[in-house]
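Only heavy atoms go into these numbers, but all of them, side chains included; no hydrogens, no water, no symmetry mates. The structure presented is a predicted model; accordingly, all values stated were derived computationally and were not measured.
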Amino acid sequence: MKILVCVSKTPDTTAKVAFKDSNTKYDDAGVQWIINPYDEWYSLVRAIELKEKDAATVIHLVTVGTADADTVIRKALALGGDEAIRINADSHDSFYIASQIAYIAKEGGYDLIFTGKETIDYNGSSIGGMVAELLDMPYASLVLKFDLNGNTATTTREIEGGEEVSEVNLPLVVSSQQGMAEPRIPNMRGIMAARSKPLKVVEPIAVDALTSIVSFELPQAKAGVKLVDADNVAELVRLLHEEAKVI
Amino acid sequence: MSVLIFIDQADGHIKKSSFETLTYGADVAKQLGTTAEALLLGTSTEDIATLGKYGISKVYHIANDSLNNLDAQVYTQVIADAVTQANASVVIFSHNQTGKAVAARVATKLKAGLVAGACALPDTSNGFVVKKTVFSGKAFANVSISSAVKVISVNPNSHTTIIGDGVAEVASLNITVPTPKVKVIAVNKTSGDIPLTEADIVVSGGRGLKGPENWGIIIDLAKALGAATACSRPVSDSDWRPHHEHVGQTGIQVAPNLYIAVGISGAIQHLAGVNRSKIIVVINKDPEAPFFKAADYGIVGDAFEVLPKLTEEIKKFKAGA
């Protein structure tokens with residue numbers, strides 16, 4: 001079994017959101033970088049759990065990014081995984097990124113490809129579907145639970161107001177979300193081992209991006225909270241009906 | 001060069017988010033001076049021609065049984081064929097569970113640029129630029145699509161449905177439906193509740209409720225309002241409430257018209273899951289709770305006293321309305 005886990009570096013969930021160069025670039029001054037939570041907590045940890053059950057399983061990590069992503073990838077390797085591949089490119093176009101990953105995935109002949117359901121910065125939620133299409137594989141999206149029985153995967157995915165349980169044969173692309181695995185933190189042995197794990201850097205293939213970010217905007221600040229006295233909840237009902245018009 | 005809108009349904013019923021995307025697609029078509037058409041996959045119990053009231057002229061209906069369950073690979077093949085046959089240049093999805101499974105695949109198959117999570121109509125004054133939410137709703141990005149065919153998935157609850165009085169022509173397309181590889185073995189619906197991501201009103205509880213045994217006051221208020229219930233992360237982590245109710249950056253992102261937060265302090269990760277709500281009401285006994293800064297209305301008070309009173313007032317209001 002060969003598993004490819006797609007990881008991305010994202011700003012820490014508490015990082016402030018600001019932009020520079022006339023609102024065309026994210027201002028990353030002083031930002032702490034983390035592994036995208038959906039990639040780390042759910043995809044990678046679930047892959048590690050599968051390897052713990054079947055020692056013959058090989059886990060490779062792949063990321064598309066420049067050298068400043070290396071620290072985050074080493075952290076991912078400290079959790080587990082056998083080696084990492086960094087495709088040396090900087091892009092925010094999902095199709096460009098997915099094409100790079102699909103190229104590596106095709107070369108590596110993976111049985112199972114995990115992505116997070118989205119990154120918490122650009123919220124594209126597209127890489128899994130695009131990679132699946134480029135590789136002509138089935139795609140299980142927004143997966144809450146994942147089990148493997150030989151060559152057959154059982155997935156539970158989120159649907160409106162419930163869950164859907166399906167079976168599908170490998171190879172398969174999965175996008176993971178909360179529920180897939182219990183978050184872990186790397187231990188000292190993992191951190192030491194990660195230092196000597198291979199981190200291969202490859203150059204990107206030529207792909208034309210289909211989208212580009214023109215500018216960023218911050219939402220307008222709220223006008224300020226209107227406080228209602230706790231003894232006068234009828235006033236809140238009136239405001240919600242007459243002023244906000246939401247009930 | 002029309003606009004084609006994908007209609008999402010479950011159990012033969014069209015989802016609410018699809019009515020919004022129909023209106024969105026009709027508005028895009030108006031802007032581009034073209035027609036809006038829609039695509040419905042699987043058998044349906046609805047009167048399809050009446051969908052014309054959302055501003056679309058034609059619905060392509062492929063009533064094939066094997067399309068009643070979602071297999072993203074099969075859907076992609078069928079939708080891409082439909083886009084080609086209908087000669088559509090803009091394809092619209094809802095950015096809901098189905099849209100997230102399919103839109104990116106369809107875009108890739110068509111070599112079309114995708115904006116996922118759009119929150120406004122495209123700006124076509126200079127190219128084709130679509131505004132979308134980024135950083136979990138803490139910012140917006142204006143994204144330009146350079147390909148000939150363009151795919152947009154629209155955030156639920158970000159476009160107002162407009163109902164007119166048109167009637168749509170119902171047509172079929174000559175498309176071969178591939179055999180699904182994904183076999184659905186069970187669908188578990190959360191019984192009778194309103195789906196969180198489709199709800200107009202959400203009542204959400206946090207650690208301030210002190211324990212799962214106190215959730216009755218949240219449920220009572222939700223019932224009175226016809227609302228869905230939700231919770232903060234510490235609540236679902238402590239198993240007071242199921243994980244699928246967890247709203248926040250790493251949980252479910254919601255965008256209802258009204259979000260009522262009870263006993264939730266308003267950590268930045270929680271706000272990321274709710275900041276697309278139209279109106280936020282915060283009820284918290286701590287006047288310093290950061291959530292008040294993000295709220296439209298607030299009550300500083302004890303939830304155990306305020307909520308039962310509020311539920312009574314809502315019931316009175318509903319009885320009188």
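Interatomic distance, OG1 of A/T156 versus CD1 of B/I185, reported as 8.0 Å (0.5 Å rounding). Taking CZ from A/R157 and CG from B/L70, the interatomic distance works out to 4.5 Å, rounded to the nearest 0.5 Å. B/I201 contributes atom CD1, which lies 8.5 Å from atom CG of A/L240 (distance to the nearest 0.5 angstrom). In this structure, CD in A/E217 is found 4.0 Å from NZ in B/K131, a value given to the nearest 0.5 Å. Atom OG of residue A/S175 and atom NZ of residue B/K100 lie 9.0 Å apart, to the nearest 0.5 angstrom. For the atom pair OG1 of B/T250 and CD1 of A/I120, the computed distance is 8.5 Å after rounding to the nearest 0.5 Å.
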> Between A/E133 and B/V106, is a side chain to side chain contact (heavy atoms under 4.5 Å, CB included) present by the stated rule, with each step listed?
Replying inline: CA-CA 8 Å; A/E133 187 57 32; B/V106 171; over 6 Å; no
>> Is there a side chain to side chain contact (heavy atoms under 4.5 Å, CB included) between B/D296 and A/K222? Walk through the geometry before answering.
In response: CA-CA 7 Å; B/D296 299 279; A/K222 288 256 182 191; 2.7 Å; yes
> Can you check side-chain hydrogen bond (donor to acceptor under 3.5 Å, both in side chains) on B/Q269 and A/T13, steps first, answer last?
Replying inline: CA-CA 7 Å; B/Q269 292 91 340; A/T13 51; 3.0 Å; yes
>> I'd like to know whether A/E160 forms a side chain to side chain contact (heavy atoms under 4.5 Å, CB included) with B/Q97, so could you lay out the CA-CA distance, the side-chain angles of the two residues, the decisive distance to 0.1 Å, and finally the verdict.
In response: CA-CA 7 Å; A/E160 271 98 350; B/Q97 286 87 341; 3.1 Å; yes
> What do the steps show when you test A/V225 against B/V282 for side chain to side chain contact (heavy atoms under 4.5 Å, CB included), and what is the final call?
Replying inline: CA-CA 9 Å; A/V225 61; B/V282 169; over 6 Å; no
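Looking at A/Y139, both its backbone and its side chain come within 4.5 Å of chain B, counting heavy atoms on both sides. Proximity to chain A is absent for every atom of B/A199, based on heavy atoms less than 4.5 angstrom apart. Within the 4.5 angstrom heavy-atom criterion, atoms from both the backbone and the side chain of B/S136 approach chain A. Residue B/A112 touches chain A through its backbone alone, counting heavy-atom pairs closer than 4.5 Å. Both the backbone and the side chain of B/V187 have a heavy atom closer than 4.5 Å to some heavy atom of chain A. Contact annotation for B/E305: neither backbone nor side-chain heavy atoms come within less than 4.5 Å of a heavy atom of chain A. Interface remark: A/P138 contributes backbone and side-chain atoms alike to the contact with chain B (heavy atom separation under 4.5 Å). Residue contact with chain A, scored on non-hydrogen atoms closer than 4.5 Å, is absent for B/A10. Residue contact with chain B, scored on non-hydrogen atoms closer than 4.5 Å, involves the backbone and the side chain of A/L227 alike. Only the backbone of B/T133 comes within contact range of chain A, judged by heavy atoms closer than 4.5 Å. With a 4.5 angstrom heavy-atom cutoff, B/K111 touches chain A via backbone and side-chain atoms both. At a 4.5 Å heavy-atom cutoff, the contact between B/Q249 and chain A is made by backbone and side-chain atoms alike. In this structure, no portion of B/D71 lies under 4.5 Å from any heavy atom of chain A. Residue contact with chain A, scored on non-hydrogen atoms closer than 4.5 Å, involves the side chain of B/V281 exclusively. Only the side chain of B/R233 comes within contact range of chain A, with heavy atoms under 4.5 Å apart.
The backbone N or O of B/F135 sits less than 3.5 Å from a side-chain atom of A/N123, completing a donor-acceptor pair. Remark: side-chain polar atoms of B/S146 are paired, donor with acceptor, to backbone N or O of A/L210 under 3.5 angstrom. Between the side chain of B/Q73 and the backbone N or O of A/D136 there is at least one donor-acceptor pair closer than 3.5 Å.
Contact count versus chain B (heavy atoms, under 4.5 Å) is highest, among A/A223, A/S212, A/S125, A/P11, for A/S212. When A/M137, A/K117, A/Q177 are compared by the number of non-hydrogen pairs under 4.5 Å with chain B, A/M137 comes out ahead. Ranked by heavy-atom pairs shorter than 4.5 Å toward chain B, the options A/D208, A/I159, A/L218 are led by A/I159. By number of non-hydrogen pairs under 4.5 angstrom with chain A, the leading residue of B/G301, B/A116, B/A72, B/A295 is B/A295.
The local environment of NZ in A/K20 is crowded, with over 12 non-hydrogen atoms from other residues, nucleotides or ligands closer than 6.0 Å.
The residue from B/L114, B/V151, B/V115 that alone fulfils the side chain to side chain contact (heavy atoms under 4.5 Å, CB included) condition with A/S126 is B/L114.
Annotation: side chain of B/I252 is not in contact with side chain of A/Q178 (no heavy-atom distance under 4.5 Å).
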